[in-house]
**Q** 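Below you will find the structure I want to go over with you.
The shown structure was predicted, so the numbers you read here are calculated from the model rather than taken from an experiment. Throughout, numbering of the chain's residues begins at 1 and tracks the sequence. Values below: all heavy atoms of this structure, side chains included; hydrogens, waters and symmetry mates excluded.
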Amino acid sequence: MTDRFRLMLGQLNPRVGDFAFNLATARRAHAAAKGAGADMLLLPEMFITGYQVQDLVLKPAFTRDAAAAIESLASETREGPAIGVGAPIRHNENLHNAFYVLKGGDIHCSILKHHLPNTDVFDEQRHFIPGPISGPYSVSGVRLGSPICEDAWHSDVCETLAETGAEILVVPNGSPFRRGKYDERMSIMVARVVESGLPLVYLNMVGGQDDQVFDGGSFVLDPGGRLRVQLPQFEELLEPVDFRRTDVGWRADKGRLAVLPDGTERDYQLMVLALRDYALKSGFSKVLLGLSGGVDSSLVAAIACDALGPGNVRCVLLPSVHTSDESREDAGDVVKRLGCRFDVIPIVECVRVLEDSLESLFAGRPADITEENIQSRVRGLLLMALSNKFGEMLLSTGNKSEVAVGYATIYGDMAGGYNPIKDLYKTGVFEACRWRNDNHRSWMQGPATPVIPDRVIEKPPSAELRPGQKDEDSLPPYAVLDAILERLIEEDASVSDCVADGFDRDTVRMIEGLIYASEYKRHQSAPGARLSRKAFWLDRRYPIQNRWRDGS
């Protein structure tokens, strides 16, 4: 009877649909696990295909390729440790989310996910059929039970595994980040080990996929709920975990206990990883953005430099007749601090040509937001031209406050392939700028110095599309606006709830109306890193045509 068991945790970053890359990553991990004397390599949920695959998994050719990849991995890793790895499976004509155990060159067994999440960003009931609750399997004389992600959030699967002889719970996950999610995971997993009396390994995927980021943060708990191993968030790594048989069952040796980032640092690191993976997985190594000298575009420039390196970032100032000397100076200061490329393309003549072209049609009508938006759309046109010509992905720079109330120009400053700060309110933008100025980490590729001038952070925000324009001319101060938006969006509060919290009723109703009226813009906006429980797109799905307003 074995008294020691070594499990290699593969907190790794797969790519959706890139079977060759994912197989190569798995083979390298297996070689490392073999070299470390591991009994088993554990890889995340749906690792072979990447996650989430959405409707790709409904294509029979896709699932056939996934099955072929699993068979290839099994045959190529005949010698060495077993592998636990996630992939879809067709069983009796039904499609399942499965966890395969490979050893000795064969598929030893497959476990089918029983509980399919259909909340937040998940839509698994659209894609998969629930499988029966599986029993444990044996690796190197140890009986392991593998609840797949959501299965561990329910007591029945772990309870059945414990009753049927499992000695260690090994949980593969594809769990994306949102604020508060790690604490929820930990609380639920502690409940599972207390109920089952078994140690538990929680392995989570890492890396960005579209608007989601899988944050890693894998951990190991003993049966009393004590933390024995804590891996970092947002970091790809292989980590061995050793278990010993004791008089009271298997116990994990104490291992790495990483300190996890929180608050602004965590959000900033996520936005960096999200942009890096979105660009690279989409085939881009370089990005560009319109740099106005304002706080939003300055923060996006800093994130881009930290994600891809200053040499892969182009900032472009596109001054109009309303662009202040201060904004020109601030934009130049930002790029000097960051060390990235800086181009200046005046738009005065372009705007004049368009206004002249429209003059006869607009005759007799006063200038209004139309002329303001022409400036923004000229900028979008020129930035997209640079993107096309040089193969650089354009980043849009609207924060969540602007995206929520529609203070962004569709086909103008909303143009772009990705928006790193889409789920960050304006007040969070200020906090992120101050944090980045005061801190530098090893995962940043930008300079280890303050990168955003204090003047950029402190000056009143303005789109500079008309003389003397300030955001607060038509919106409440951002501290007030964001507090209202958080209630209406994150908490689904009513107008009356906001009024009870001390906000002016007419202001709240105005903000609510702007949110609903701007839905059509958000449906056409670039994806962005998900930070909150109610990020626009998958978390918060509203109709474009909607006449209802809260009358409370």
Side-chain angles (χ1 to χ4, degrees), residues 13-16 44-46 50-54 117-124 149-150 173-185 204-217 233-234 260-282 296 299-300 303-304 307 395-404 408 414 416-429 431-432 482 485-486 488-492 515 519 521-542:
N13 186 351
R15 299 178 181 177
V16 164
E45 176 183 17
M46 293 289 283
Y51 195 56
Q52 296 188 62
V53 291
Q54 299 178 303
N118 215 56
T119 58
D120 297 330
V121 299
F122 294 104
D123 202 9
E124 289 206 350
C149 198
E150 184 78 8
N173 291 270
S175 181
F177 173 88
R178 60 168 166 73
R179 297 187 189 108
K181 186 67 171 292
Y182 175 86
D183 292 338
E184 289 181 31
R185 294 174 192 149
N204 194 25
M205 187 180 291
V206 71
Q209 172 59 34
D210 294 347
D211 62 333
Q212 299 171 42
V213 174
F214 300 92
D215 55 308
Q233 286 181 300
F234 312 117
L260 303 185
D262 60 10
T264 303
E265 176 175 1
R266 176 204 58 213
D267 288 355
Y268 191 90
Q269 186 173 4
L270 180 140
M271 290 185 289
V272 168
L273 174 60
L275 173 56
R276 179 184 300 140
D277 271 5
Y278 190 89
L280 297 180
K281 291 179 181 181
S282 300
D296 298 319
L299 178 61
V300 171
I303 291 170
L395 303 180
S396 58
T397 60
N399 61 69
K400 189 171 186 176
S401 307
E402 294 173 348
V403 172
M414 289 180 67
Y418 195 74
N419 181 355
I421 63 171
K422 184 178 180 178
D423 201 27
L424 190 68
Y425 287 114
K426 185 77 168 193
T427 48
V429 170
E431 291 171 6
D482 288 355
L485 290 174
E486 286 180 4
L488 294 176
I489 294 171
E490 318 296 330
E491 302 171 17
D492 282 322
I515 293 171
E519 199 64 49
K521 291 187 178 182
R522 289 189 290 273
H523 275 246
Q524 301 179 63
S525 64
R530 177 182 185 248
L531 297 167
S532 70
R533 183 185 294 271
K534 286 293 180 72
F536 295 125
W537 190 37
L538 290 180
D539 286 303
R540 185 182 182 279
R541 311 178 200 184
Y542 277 70

**Q** Does the side chain of Asn419 come within less than 4.5 Å of Ser525's, by heavy atoms?
**A**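 In short, these two side chains do not touch, never coming nearer than 4.5 Å.
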**Q** Check side-chain hydrogen bond (donor to acceptor under 3.5 Å, both in side chains) between Gln52 and all other residues, then give those that pass, not counting sequence neighbours.
**A**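 Counting only residues at least two positions away or on another chain, Gln52 forms a side-chain hydrogen bond (donor to acceptor under 3.5 Å, both in side chains) with Gln212.
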**Q** With sequence neighbours left out, write down each residue that passes side-chain hydrogen bond (donor to acceptor under 3.5 Å, both in side chains) with Tyr425, or none if nothing qualifies.
**A**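 Tyr425 satisfies side-chain hydrogen bond (donor to acceptor under 3.5 Å, both in side chains) with Glu490 only.
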**Q** Hey, is the main chain of Gly207 close enough, under 3.5 Å, to the side chain of Asp277 for a donor-acceptor pair?
**A**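 Not at all, since once roles are kept as given, no pair shorter than 3.5 Å links the two residues.
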**Q** Taking all atoms of both residues into account, what is the closest heavy-atom pair of Ala304 and Leu395, and its distance?
**A**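 Shortest heavy-atom separation between Ala304 and Leu395 comes out as CB-CD1, 4.0 Å.
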**Q** So that I can tick it off, tell me whether Arg533 and Glu184 are bridged by a salt bridge, with the cut-off set at under 4.0 angstrom between side-chain N and carboxylate O.
**A**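 The answer is yes: the pair qualifies as a salt bridge.
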**Q** List the steps, then state whether side-chain contact (heavy atoms from CB on, under 4.5 Å) holds for Val300 with Leu275.
**A** CA-CA 10 Å; Val300 171; Leu275 173 56; 5.9 Å; no
**Q** Which heavy-atom pair separates Ala432 from Leu424 by the least distance, and what is that distance?
**A**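 Scanning both residues, the minimum pair turns out to be CB-CD2, 4.3 Å.
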**Q** Can you find a pair of side-chain heavy atoms, one from Phe122 and one from Pro176, that are under 4.5 Å apart?
**A**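 SC-SC contact between Phe122 and Pro176 confirmed.
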**Q** To the nearest 0.5 Å, how far apart are SG in Cys149 and CD in Glu124?
**A**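 Going from the SG atom of Cys149 to the CD atom of Glu124 covers 7.5 Å.
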**Q** Taking the side chain as everything from C-beta on, heavy atoms only, tell me whether Leu280 gets closer than 4.5 Å to Arg15.
**A**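 No. Closest side-chain heavy atoms not under 4.5 Å.
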**Q** State the CE-CG distance between Met271 and Leu531, to the nearest 0.5 angstrom.
**A**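 The distance works out to 6.0 Å.
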**Q** State plainly whether the residues Asp482 and Lys400 are in salt-bridge range, i.e. N to O under 4.0 Å.
**A**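 No, this pair does not count.
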**Q** Just so I know, are the side chains of Phe234 and Val213 near enough to count as touching, which here means a heavy-atom distance under 4.5 Å?
**A**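 Side-chain contact under 4.5 Å: yes.
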**Q** Are the side chains of Gln54 and Asp210 in touch, meaning some heavy atoms are under 4.5 Å apart?
**A**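 In contact.
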**Q** Identify the heavy atoms of Gly416 and Ala526 that sit nearest to each other, and give their distance.
**A**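 Taking every non-hydrogen atom into account, O-CB, 3.5 Å.
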**Q** With the side chain counted from C-beta on, respond yes when Arg179 and Leu270 share a heavy-atom pair under 4.5 Å apart, and no when they do not.
**A**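 No, their side chains stay 4.5 Å or more apart.
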**Q** Just how far is it from atom CH2 of Trp537 to atom CG of Asp423, taken to the nearest 0.5 Å?
**A**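 Answer for the CH2-CG pair, Trp537 versus Asp423, is 13.5 Å.
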**Q** Out of Ile421, Asn399, Leu485, which residue meets the side chain to side chain contact (heavy atoms under 4.5 Å, CB included) rule with Lys426?
**A**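 Answer after filtering Ile421, Asn399, Leu485: Asn399.
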**Q** Please round to the nearest 0.5 Å and tell me the distance separating atom CG of Asp262 and atom CD of Gln269.
**A**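 Interatomic distance, Asp262 CG to Gln269 CD, rounded to 0.5 Å: 11.5 Å.
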**Q** What distance do Phe214 atom CZ and Gln209 atom CD have between them, rounded to the nearest 0.5 Å?
**A**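 These two atoms lie 7.0 Å from each other.
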**Q** State, to 0.1 Å, how close Ala529 and Pro420 come at their nearest heavy-atom pair, and which atoms those are.
**A**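 Result for this residue pair: CB-O, 3.9 Å.
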**Q** Under the side chain to side chain contact (heavy atoms under 4.5 Å, CB included) test, which residues partner Asn204, sequence neighbours left out?
**A**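 Testing Asn204 for side chain to side chain contact (heavy atoms under 4.5 Å, CB included), a comparison that skips the adjacent residues, returns Asn173, Ser175, Arg185, Tyr202, Asp215, Ser218.
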**Q** Indicate the atoms forming the closest heavy-atom contact of Gly174 with Met205, along with that distance.
**A**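 That closest heavy-atom pairing would be CA-CB, 4.4 Å.
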**Q** Walk me through it: do Arg178 and Asp120 pass the test side-chain contact (heavy atoms from CB on, under 4.5 Å)?
**A** CA-CA 10 Å; Arg178 60 168 166 73; Asp120 297 330; 4.0 Å; yes
**Q** With sequence neighbours left out, write down each residue that passes side-chain hydrogen bond (donor to acceptor under 3.5 Å, both in side chains) with Asp183, or none if nothing qualifies.
**A**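 side-chain hydrogen bond (donor to acceptor under 3.5 Å, both in side chains) check on Asp183 returns nothing, list empty.
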**Q** Go through the structure and list residues passing side chain to side chain contact (heavy atoms under 4.5 Å, CB included) with Pro527, not counting sequence neighbours.
**A**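 Side chain to side chain contact (heavy atoms under 4.5 Å, CB included) list for Pro527, sorted by chain: Tyr278, Tyr418.
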**Q** Charged N to carboxylate O below 4.0 Å: is that the case for Glu402 and Lys521?
**A**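 So Glu402 does not pair with Lys521 through a salt bridge.
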**Q** Return the set of residues passing side-chain hydrogen bond (donor to acceptor under 3.5 Å, both in side chains) with Glu519 (not counting sequence neighbours), or none when no residue passes.
**A**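 Partners of Glu519 under the side-chain hydrogen bond (donor to acceptor under 3.5 Å, both in side chains) test: Arg522, Arg540.
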